[in-house]
Q: 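Sharing a structure here in structure tokens format.
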Amino acid sequence: MNLHEYQGKHILKSFGVAVPEGYVAFTPEEAVSAANKIKEKTGTDVWAVKAQIHAGGRGKGGGVKIAKTIEDVKEYAKQIIGMQLITHQTGPEGKKVHKVLVEQGIYYPNEQGVIDVKEFYMSVLLDRGSGKNIIIYSLQGGMDIEKVAAETPEFIFKETIEPSVGIMPFQARRIAFNLGLEGKAFKELTKFVVALYNAYIGSDSTLFEINPVFKTSDDLIYAADSKVKLDDDALFRHPEYKDMRDLSEEDPTEIEASKFGLNFVKLDGNVGCMVNGAGLAMATMDIIKLSGGNPANFLDVGGKANAETVEAGFRIILKDQNVKAILINIFGGIVRCDRVAQGVVDAYKSIGNINVPVIVRLQGTNNAEGKKLIDESGLKVKGAITLKEAAELVKEVLR
């Protein structure tokens, strides 16, 4: 589950990670109120007004503004709230902004009047190759980290964490050393790293990305941004996080699919696919590509496919106007192929008016019986037993 920046910072703060003082606002008036509250607490005369959407690159798209007066805060909030923000992560259609985060400005001079700030990149995630968590960090903060990795990989550092013991003090110190810090900033960064890792573990997240980690002129360390992904399968342990889900940021078809326990991801192709099992789904998408088509979605009905889930899958796939054919690829291990076949027939009759070719490939338990049900249904459904047969049928209907 993706979180907004302000939600991620709420979790970070609860684990002792330093974040700028800030409040979310849904109207320009609320933004002004938030700015005044921040000024009372921190004394700042500078605020950041930041669009809250599930996408990066907001600043380049005009979704982040620095305000130096209360009037600026109100004006920037007016500009940002309601805008269709387009970034490199939203696609050309962009995302509508419903709220902003008003935050204290942390770009200020020290007691000597000197501005001495630094921006770093830091993230915590699972390295699936080693089965261990890693901290990735870089001197090049506030930038596209993929670009940094491609062009200047020497600026990317990794710290592998042994899961049985967690992050060790010497590792936090090594990170601070590699980032070129010393004195107060060195000590603050080591505390920051330990708290960040504890937040990642304690919240059952799959990603914590802070870009940038900000060193102020007086050597304080802040999480100036946050990108957080929570593990959906661990939410039962964190009921306090469930209300953080923002359905307006998610694809409506993916929301509908989740109601039926379907794993669905919309893609840009022309062949819809319905499969049981993630590995088989990946193989099915490869088959579609080799047959001259492009997968329109990833849809995993799991091991309990029945008439209801198959019908729901049909309806969701058919909402995509680009779909020219549907390939159903079922391996009957836990589920029986004849039951899936009956579900396909029932769903086909229930929905009616399915104007795209449907190919059903059944393999495993009772696959012959399932193919017979499909062939004798009288419906415009093409049956297959092998992947090769399914591929040939996909190629045929796309001609």
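We number each residue from 1, following the sequence as shown.
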Q: To the nearest 0.5 angstrom, please state how far the OG1 atom of Thr69 sits from the CG atom of Asp72.
A: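 Answer rounded to 0.5 Å: 3.0 Å.
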
Q: So for atom NZ, which belongs to Lys229, do other residues, nucleotides or ligands contribute more than 12 heavy atoms lying within a distance under 6.0 Å?
A: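 It does not: Lys229 NZ has 12 such atoms or fewer within range.
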
Q: Could you report the tightest heavy-atom contact between Ala25 and Ile81, atom names first, then the distance?
A: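 Looking at all heavy atoms of both residues, the closest pair is O-CD1, 4.1 Å.
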
Q: Got a sec, which residues hit side-chain contact (heavy atoms from CB on, under 4.5 Å) with Val148, two or more places apart in sequence or on another chain?
A: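 Once residues adjacent in sequence are excluded, the partners of Val148 under the side-chain contact (heavy atoms from CB on, under 4.5 Å) criterion are Ser138, Gln140, Met143, Ile145, Thr152, Phe155, Ile156.
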
Q: With Glu30, which residues qualify under side chain to side chain donor-acceptor pair (under 3.5 Å), at least two apart?
A: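 Result, side chain to side chain donor-acceptor pair (under 3.5 Å) vs Glu30: none returned.
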
Q: In sequence, state the C-alpha distance, the side-chain angles, and the governing distance for Ile201 and Tyr197, and then conclude on side-chain contact (heavy atoms from CB on, under 4.5 Å).
A: CA-CA 6 Å; Ile201 295 296; Tyr197 185 78; 3.6 Å; yes

Q: Under the side-chain contact (heavy atoms from CB on, under 4.5 Å) test, which residues partner Asp204, sequence neighbours left out?
A: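 Counting only residues at least two positions away or on another chain, Asp204 forms a side-chain contact (heavy atoms from CB on, under 4.5 Å) with Ala234, Arg237, His238.
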
Q: Name each donor-acceptor pair under 3.5 Å that joins a side chain in residues 111-125 to protein atoms two or more places apart or in another chain, with its distance.
A:
| residue | atom | partner | partner atom | Å |
| --- | --- | --- | --- | --- |
| Tyr121 | OH | Ser123 | OG | 3.2 |
| Tyr121 | OH | Glu209 | OE2 | 2.6 |

Q: Taking side chain to side chain donor-acceptor pair (under 3.5 Å) as the test, write out the residues that go with Glu188, two or more places apart.
A: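 So Glu188 forms a side chain to side chain donor-acceptor pair (under 3.5 Å) with Lys191.
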
Q: Under 3.5 Å, which donor-acceptor pairs link side chains of residues 320-331 to any protein atom two or more places apart or in another chain?
A:
| residue | atom | partner | partner atom | Å |
| --- | --- | --- | --- | --- |
| Asp320 | OD1 | Asn322 | N | 2.9 |
| Asn329 | OD1 | Arg361 | NH1 | 2.9 |
| Asn329 | ND2 | Thr284 | OG1 | 2.9 |

Q: Applying side-chain contact (heavy atoms from CB on, under 4.5 Å), run through Phe192 and Val194 and close with a yes or a no.
A: CA-CA 6 Å; Phe192 181 94; Val194 172; over 6 Å; no

Q: Is the number of heavy atoms from other residues, nucleotides or ligands within 6.0 Å of NZ (Lys96) greater than 12?
A: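 Incorrect, the count does not exceed 12.
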
Q: Can you confirm whether Asn178 sits close enough to Arg174 that some side-chain heavy atom of one is under 4.5 Å from a side-chain heavy atom of the other?
A: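 When only atoms from C-beta onward are counted, Arg174 and Asn178 do touch, with a gap below 4.5 Å.
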
Q: Let me check something: do Val356 and Leu299 share a hydrophobic cluster, defined by ILVMFWY side-chain heavy atoms less than 4.5 Å apart, either directly or through other members?
A: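 Linked, Val356 and Leu299 end up in one cluster.
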
Q: Which atoms form the tightest heavy-atom contact between Gln52 and Val100, and what is the distance?
A: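 That closest heavy-atom pairing would be CG-C, 3.9 Å.
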
Q: Compute the centroid of each ring, for Tyr137 and then for Phe157, and state whether the two points are separated by less than 6.0 Å.
A: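 Yes, ring centres under 6.0 Å apart.
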
Q: Would a hydrophobic clustering, with Ile, Leu, Val, Met, Phe, Trp and Tyr connected at side-chain separations under 4.5 Å, put Val73 with Ile66?
A: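 No; tracing contacts between hydrophobic side chains, which count when under 4.5 Å, never links both residues.
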
Q: Indicate the atoms forming the closest heavy-atom contact of Ser291 with Val394, along with that distance.
A: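 For Ser291 versus Val394, the nearest heavy atoms are CB-CG1, 3.8 Å.
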
Q: Output, in order, the C-alpha distance, side-chain angles, deciding distance and verdict of side-chain contact (heavy atoms from CB on, under 4.5 Å) for Lys382 and Val360.
A: CA-CA 6 Å; Lys382 298 177 181 291; Val360 181; over 6 Å; no

Q: Checking His54 now: which residues fulfil ring-ring contact (aromatic ring centres under 6.0 Å, His included) with it, not counting sequence neighbours?
A: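 Applying ring-ring contact (aromatic ring centres under 6.0 Å, His included) to His54 gives His4.
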
Q: Nearest 0.5 Å please: distance from the CZ atom of Phe264 over to the CE atom of Met274.
A: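 CE of Met274 is found 10.0 Å from CZ of Phe264.
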
Q: Roughly how far, to the nearest 0.5 Å, is CE of Met285 from CG of Asn297?
A: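 One gets 8.5 Å once the value is rounded to the nearest 0.5 Å.
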
Q: Looking only at side-chain N and O atoms, does Asn211 offer a donor or acceptor that is under 3.5 Å from a partner on Lys227?
A: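 Distance-only check fails for Lys227 and Asn211.
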
Q: Might you point out which heavy atoms bring Pro212 and Gly141 nearest each other, and give the distance in Å?
A: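 Smallest interatomic distance, heavy atoms only, reads CB-C, 4.3 Å.
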
Q: With clusters defined by side-chain heavy atoms of hydrophobic residues (ILVMFWY) lying less than 4.5 Å apart, directly or transitively, does Val24 cluster with Ile70?
A: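 Not linked; separate clusters.
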
Q: Atom CD of Gln89 and atom CD1 of Ile53: how far apart are they, to the nearest 0.5 Å?
A: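 The CD atom of Gln89 sits 8.5 Å away from the CD1 atom of Ile53.
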
Q: I need the Leu181 CG to Leu139 CG distance, nearest 0.5 Å.
A: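 One gets 8.5 Å once the value is rounded to the nearest 0.5 Å.
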
Q: Please lay out, stage by stage, how Lys13 and Val17 fare under the test side-chain contact (heavy atoms from CB on, under 4.5 Å).
A: CA-CA 5 Å; Lys13 189 176 181 179; Val17 178; over 6 Å; no

Q: Verify whether one side chain among Thr44 and Thr42 offers a donor that lies under 3.5 Å from an acceptor in the other.
A: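 Absent: no donor and acceptor within the cut-off.
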
Q: Please tell me whether Leu12 and Met1 are part of a single hydrophobic cluster in this structure, the criterion being side-chain heavy atoms less than 4.5 Å apart.
A: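 Hydrophobic grouping puts Leu12 with Met1.
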
Q: When you compare the side chains of Asp338 and Gln342, does any donor N or O come within less than 3.5 Å of an acceptor on the partner?
A: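 No, no side-chain donor-acceptor contact under 3.5 Å.
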
Q: Show the nearest heavy-atom pair for residues Phe214 and Ala224, with the distance to one decimal.
A: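 Shortest heavy-atom separation between Phe214 and Ala224 comes out as CB-CB, 4.0 Å.
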
Q: List the residues meeting side chain to side chain donor-acceptor pair (under 3.5 Å) with Asn2, not counting sequence neighbours, and say none if there are none.
A: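 None.
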
Q: Consider only side-chain heavy atoms of I, L, V, M, F, W and Y, link residues closer than 4.5 Å, and tell whether Met83 and Leu101 are in one cluster.
A: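 No; tracing contacts between hydrophobic side chains, which count when under 4.5 Å, never links both residues.
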
Q: Surrounding CD of Glu182 (heavy atoms of other residues, nucleotides or ligands, distance under 6.0 Å), is the total greater than 12?
A: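 Atom CD in Glu182 is not crowded, with 12 or fewer foreign heavy atoms closer than 6.0 Å.
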
Q: Side chains of Asp127 and Ser130 only: does a donor on one sit below 3.5 Å from an acceptor on the other?
A: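 Yes - a donor-acceptor pair under 3.5 Å links their side chains.
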
Q: What side-chain donor-acceptor pairs closer than 3.5 Å can you find for residues 162-171, not counting sequence neighbours?
A:
| residue | atom | partner | partner atom | Å |
| --- | --- | --- | --- | --- |
| Glu162 | OE1 | Lys132 | NZ | 2.9 |
| Gln171 | OE1 | Met168 | N | 3.0 |
| Gln171 | NE2 | Glu159 | OE2 | 3.1 |
| Gln171 | NE2 | Thr160 | O | 2.8 |

Q: Grab the two heavy atoms, one from Lys99 and one from Phe26, that are nearest each other, plus how far apart they are.
A: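 Reported closest heavy-atom pair: CD-CE2, 3.5 Å.
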
Q: Measuring from atom NZ of Lys9 to atom CD1 of Ile210, what distance do you get when rounded to the nearest 0.5 angstrom?
A: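 Taking NZ in Lys9 and CD1 in Ile210, the distance rounds to 8.0 Å.
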
Q: Sequence neighbours left out, what passes side chain to side chain donor-acceptor pair (under 3.5 Å) with Tyr200? Give chain and number order.
A: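 Checked Tyr200 against side chain to side chain donor-acceptor pair (under 3.5 Å); matches are Asn133.
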
Q: Decide whether Glu5 and Ser226 meet the rule of one side-chain donor and one side-chain acceptor closer than 3.5 Å.
A: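 No, because no side-chain N or O of Glu5 sits under 3.5 Å from a partner of the opposite role on Ser226.
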
Q: Using a strict cut-off of less than 4.0 Å between a Lys/Arg side-chain nitrogen and an Asp/Glu carboxylate oxygen, indicate whether Lys68 and Asp45 qualify as a salt bridge.
A: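 Salt bridge: no.
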
Q: Looking at residues at least two apart in the chain, or sitting in another chain, which of them share a ring-ring contact (aromatic ring centres under 6.0 Å, His included) with Phe177?
A: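 Not a single residue meets the ring-ring contact (aromatic ring centres under 6.0 Å, His included) criterion with Phe177.
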
Q: Identify each donor-acceptor pair in which a side-chain atom of residues 256-263 lies under 3.5 Å from a protein atom, sequence neighbours left out, and give them as a table.
A:
| residue | atom | partner | partner atom | Å |
| --- | --- | --- | --- | --- |
| Glu256 | OE1 | Lys319 | NZ | 2.4 |
| Ser258 | OG | Ile255 | O | 2.6 |

